[in-house]
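For ligands, and for the atoms within them, numbers begin at 1 and follow the listed sequence. Bear in mind the structure is a predicted one, so any value in this text is a computation, not a measurement.
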Amino acid sequence: MRDVIDIMGVPIDNVTMGQALEKLENFLSEDGVHMVFTPNSEIMMAARRDPELAQIFKQAHMLVADGAGVVLASKILGTPLPEKVSGYDLVKNSFSIAARRTIRYFLLGAKPGTAETAAKNIMRDYPGVEIAGCHHGYFKPENESAIIDAINRSHADILLVALGAPKQEKWIYKHRNELNVKVCIGVGGSLDVFAGNVSLAPDFFRNNGLEWLYRLYKEPWRFKRMLDLPKFILLAIAKRLRLVK
Ligand code: UDP
């Protein structure tokens, strides 16, 4: 049975990073396509406004808490999640599984050239990881079936989809039955990080729940979107105090 914690209508798996990796490895041995998403506070708020996204999250096979905000909300609600399991760290740690069993990845998304650079860096830094193919994320709908064919011909086990949220979640959901992979993970801006185009927040920010502050400093145009974070926490407090349903 899946152990999930309901955070404002989104069922987040009650897992540590280690347990999330174990689940990911189990998916590789099971039949069917498994959808894995990594919502942060902004995306949790987006799901409140977008019933389609909320439904997709309900049908996912694993949802992990990407961000200190989601973990904080779980504590406020009295149902604490054990830790943050960010999409980037989940993918990076999955490469260590690939060191003992072959896992083939297909990278879909980001600007032209980025997935290829990310693939090169990943293969250099994690020997044993196989990148079965890459495609950028700025394709037209009429090119989708050729991209899906390329993914299926590559015999990838894990498809990393970096189209940003909620585009990647909707894309994976729409095409899940055409894809011949074991796992699809929505990974947001992770390919930019693997490619070295965008740097992760320094450890101090990452370890103290302040990644949002670093991101705001680096990408100030995100300010409006990031207001969802305090709104999300206020909503959790209001829920705990039973001021809203
Ligand atoms: N992206 C893409 N196709 C699109 C829109 C975005 O491939 O049509 C990529 C973009 O280049 C970036 C990633 O999706 O690499 C989104 O990164 P972001 O950090 O914005 O992720 P989010 O915070 O939305 O999850």
**Q** Checking side-chain polar atoms at under 3.5 Å, does N14 have a donor or acceptor matched by the opposite partner on D3?
**A** yes
**Q** Write out the residue and atom name of the closest protein heavy atom to atom 3 (N) of ligand 1, then the distance separating them to 0.1 Å.
**A** G137 O, 2.7 Å
**Q** Among all protein heavy atoms, pick the one closest to atom 21 (O) of ligand 1 and tell me residue, atom and distance.
**A** G189 N, 3.6 Å
**Q** Look at ligand 1 and say whether E169 reaches it with a heavy atom at a distance under 4.0 Å.
**A** no
**Q** Considering only heavy atoms of K167, which atoms of ligand 1 have at least one such atom less than 4.0 Å away?
**A** 4 (C), 8 (O)
**Q** Of the protein's non-hydrogen atoms, which lies at the shortest distance from atom 11 (O) of ligand 1, and what is that distance?
**A** Y138 OH, 2.8 Å
**Q** If you have a sec, work out which protein heavy atom is nearest atom 13 (C) of ligand 1 and how many Å separate them, to one decimal?
**A** G188 O, 3.6 Å
**Q** Take the angle between the ring planes of Y126 and F95 and call it parallel below 30°, perpendicular above 60°, tilted in between.
**A** tilted
**Q** If hydrogens are left out, which of H135, H136, R215, R225 has an atom nearest to atom 22 (P) of ligand 1, that is, the closest non-hydrogen atom?
**A** R225
**Q** As an exercise, state the distance from CZ of R206 to CD of E211, rounded to the nearest 0.5 Å.
**A** 5.0 Å
**Q** Which of the numbered atoms in ligand 1 are under 4.0 angstrom from any heavy atom belonging to A162?
**A** 1 (N), 2 (C), 7 (O), 9 (C), 13 (C), 14 (O)
**Q** If you round to the nearest 0.5 Å, how far is CE of M45 from CZ of R225?
**A** 13.5 Å
**Q** For the CD1 atom of I43 and the CG atom of D50, what is their distance to the nearest 0.5 Å?
**A** 11.5 Å
**Q** Would you check if the distance from the ring center of Y214 to the ring center of F204 is below 6.0 Å?
**A** no
**Q** Check each heavy atom of E42 against ligand 1 and say whether those closer than 4.0 Å belong to the side chain, the backbone, both or neither.
**A** neither
**Q** Which atoms of ligand 1 sit under 4.0 Å from any heavy atom of D192?
**A** 12 (C), 15 (O)
**Q** Taking the basic N atoms (NZ, or NE/NH1/NH2) and the acidic carboxylate oxygens, is any pair closer than 4.0 Å for K182 and E30?
**A** no
**Q** So, are D13 and K23 salt-bridged, with charged N and O less than 4.0 Å apart?
**A** yes
**Q** Can you list the atoms of ligand 1 that are under 4.0 Å from a heavy atom of R222?
**A** 18 (P), 19 (O), 20 (O), 23 (O)
**Q** Which residue supplies the protein heavy atom nearest to atom 7 (O) of ligand 1, what is that atom called, and how far is it?
**A** A110 N, 2.8 Å
**Q** Of all the atoms in ligand 1, which lie at a distance below 4.0 Å from a heavy atom belonging to G109?
**A** 7 (O)
**Q** Please list the nearest protein heavy atom to atom 5 (C) of ligand 1 with its residue and the distance rounded to 0.1 Å.
**A** L163 O, 3.5 Å
**Q** For the residue pair Y173 and F57, is the inter-centroid distance of their aromatic rings smaller than 6.0 Å?
**A** no
